[in-house]
Protein chains: 2
Amino acid sequence: MTTAEKTPRRTRARRGEGEKLKESILEAAEALLIETGDAESVSIRAVAERVGVTPPSIYLHFTDKDELIFAVCEKHFAELHRIMTEATSEASDPLDALRRMGRAYVAFGVNNPEQYRITFMGRTPHSVDEGHTERLLSNSGFSYLVDVVKSCLDAGHFVPGDPLMIAIDLWVTVHGITSLFIAKPEFPWPDKEELIEHILDTQLTGLLRDGESGA
Amino acid sequence: MTTAEKTPRRTRARRGEGEKLKESILEAAEALLIETGDAESVSIRAVAERVGVTPPSIYLHFTDKDELIFAVCEKHFAELHRIMTEATSEASDPLDALRRMGRAYVAFGVNNPEQYRITFMGRTPHSVDEGHTERLLSNSGFSYLVDVVKSCLDAGHFVPGDPLMIAIDLWVTVHGITSLFIAKPEFPWPDKEELIEHILDTQLTGLLRDGESGA
DNA sequence: TGTACATCAGTGAACGCGCGTTCACTGATGTAC
DNA sequence: TGTACATCAGTGAACGCGCGTTCACTGATGTAC
């Protein structure tokens, strides 16, 4: 039984403070996403109910549903970006940084499966498409990943190659694990931590200059 | 404008030939999936319309919608299995076989994006869950992949390791490419063929015994 | 210090839609006698 | 060879649901005079 949870009617904002509702709407959308674990449940009506407001008032702040979902995705990108940079703060060298980023990426996905689903596994609404990719490239930590790969190349860790190509390789790999963990939780996975290390090992070993150690 | 395409009413099956409709329903569901490129469009009503029959008659052959989707997934698994084994028919050795399987897997996903989405990227309906995993393990080509990996180990191509772990590595990698190609078509991918080769190269190089050549 | 008024932040009711599913039924088809 | 009858393969109409969105409105709040 999903408790009906009648949210009390929200008290109307003061003049000039209309933007506060926008913030609440985003929070409610996010909360619904996490609680129900289902992007389908994030409907205009459900969000409005959650905030304690009528559905039409959503339209005072978002032109339509796509724009709301778009805004939610924004937050995920920002969060992922933060996590990627944070992960490297204690890294001893660029190679170690890559490992830490890989682990942090998978952890982010596993801990926020619905956000990850929407952002990287779902059908992208057309209206969202436009700025989406640029953001993915510039703000989600991807460009940062490219930078770290460049550092590895400069430091002579890797066999020379195109940093963009290598970065995509790494992204593809961590996305592969993350998305399968999310999509197939009932698969008889071996120990997940071990699996992550194994894949990162294999991938990085494949990139290393002969004689370098992956560990 | 999606042409309404009024399918003429289907002529009723003879006695004892009721199963024919079941076949038609499956075909229609598959066709709708491919044409609309959207799993959401595969509704009981749309399928019925397509077959030229009323919605309730679907229930003569499937207890509910989940069972219909389940049956559609079955077909995808069988197809993928076929493709995996076929891909290796001309392989010169197990290592070459792995490469061919990888390429064929990605090609299957890219050419059948909606099927791939449902099978490997989507939320699994609970009713589908049950036999799903066993089928994934035994019939989708996964167990075959494990066998080929074992051959590589036996032939001394790879550094010794757990064949299951290595097989999962490889699956994760090709799934990573495939699912990102499908989910992010607007991403500025470099040449896709080249990317596939690069990733397979890197992955296999990471697994190879020193001195073996990946090419 | 009081009041008319524009503005802002919402509300309430309704629109039309497609969905999965149920239920009582119909009418052609084959079989038994 | 003819006919009653059970069975099979469907139909037609309706159920209740939640959805995104629109439209005319209301009523509190701050401001100008």
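Small disclaimer: the values here were computed from a predicted structure and weren't measured. Below, chain A is the first sequence line, B the second, and so on; all start at residue 1.
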Residues in contact with DNA chain C, drawn from residues 11-22 of chain A - heavy-atom cutoff 4.0 Å: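 Contacting residues: A:Arg12, A:Ala13, A:Arg14, A:Arg15, A:Gly16, A:Glu17, A:Gly18, A:Leu21.
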In whole angstrom, give the distance that lies between atom [atom1] of [X] and atom [atom2] of [N].
{"X": "A:Asp64", "N": "D:dC19", "atom1": "CG", "atom2": "P", "value": "16 Å"}
{"X": "B:Ile58", "N": "C:dT21", "atom1": "CD1", "atom2": "P", "value": "11 Å"}
{"X": "B:Leu68", "N": "C:dC19", "atom1": "CG", "atom2": "P", "value": "13 Å"}
{"X": "B:Lys65", "N": "C:dC19", "atom1": "NZ", "atom2": "P", "value": "8 Å"}
{"X": "B:Tyr59", "N": "D:dT11", "atom1": "OH", "atom2": "C1'", "value": "15 Å"}
{"X": "A:Arg10", "N": "C:dA9", "atom1": "CZ", "atom2": "P", "value": "12 Å"}
{"X": "A:Leu60", "N": "C:dA9", "atom1": "CG", "atom2": "P", "value": "8 Å"}
{"X": "A:Glu67", "N": "D:dT21", "atom1": "CD", "atom2": "P", "value": "11 Å"}

Test of understanding: with side-chain hydrogen bond (donor to acceptor under 3.5 Å, both in side chains), list the residues that count as partners of [X], not counting sequence neighbours.
{"X": "B:Tyr144", "value": "B:Thr88"}
{"X": "B:Arg10", "value": "B:Ser24"}
{"X": "A:Lys184", "value": "B:His132"}

Out of D:dT21, C:dT11, D:dA9, whichever nucleotide has its closest atom nearest the side chain of A:Ile44: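 In terms of side-chain proximity for A:Ile44, the closest of D:dT21, C:dT11, D:dA9 is D:dT21.
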Touch class at under 4.0 angstrom, heavy-atom based, for A:Arg9 against every strand present: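 Contact class for A:Arg9: sugar-phosphate only.
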Inter- and intrachain pairs under salt bridge (charged side-chain N to carboxylate O under 4.0 Å, His left out), touching residues 23-32 of chain B, at least two apart: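 Listed once each, the pairs would be none.
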Quick one: list whatever passes side chain to side chain contact (heavy atoms under 4.5 Å, CB included) with [X], sequence neighbours left out.
{"X": "B:Leu164", "value": "B:Phe142, B:Val146, B:Asp162, B:Ile168"}
{"X": "A:Glu197", "value": "A:Arg99, A:Arg103"}
{"X": "A:Ala71", "value": "A:Leu26, A:Phe62"}
{"X": "B:Arg14", "value": "B:Glu17"}

Short side-chain N/O contact from B:Ser57 to OP1 or OP2 of D:dT11, under 4.0 Å: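 Indeed, a polar side-chain atom of B:Ser57 lies that close.
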Under 3.5 Å, which protein N or O atoms sit close to an N or O of nucleotides 15-18 of chain C? Give each pair with its distance.
none

Parallel, tilted or perpendicular: ring planes of B:Tyr105 versus B:Phe120, cut at 30 and 60 degrees: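 Geometry flag for B:Phe120 against B:Tyr105: tilted rings.
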Ring geometry between B:Trp171 and A:Phe187 (parallel below 30°, tilted from 30 to 60°, perpendicular above 60°):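 Geometry flag for B:Trp171 against A:Phe187: tilted rings.
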Which residues share a salt bridge (Lys or Arg N to Asp or Glu O under 4.0 Å) with A:Asp96, sequence neighbours left out: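 Scan of A:Asp96 (salt bridge (Lys or Arg N to Asp or Glu O under 4.0 Å), adjacent residues dropped) gives A:Arg100.
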Runs of at least three consecutive pairs that involve DNA chain C, where pairs are Watson-Crick or G-U with distances under 3.5 Å: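 When the pairs of DNA chain C are grouped into runs of at least three, the stems are C:2-33 with D:2-33.
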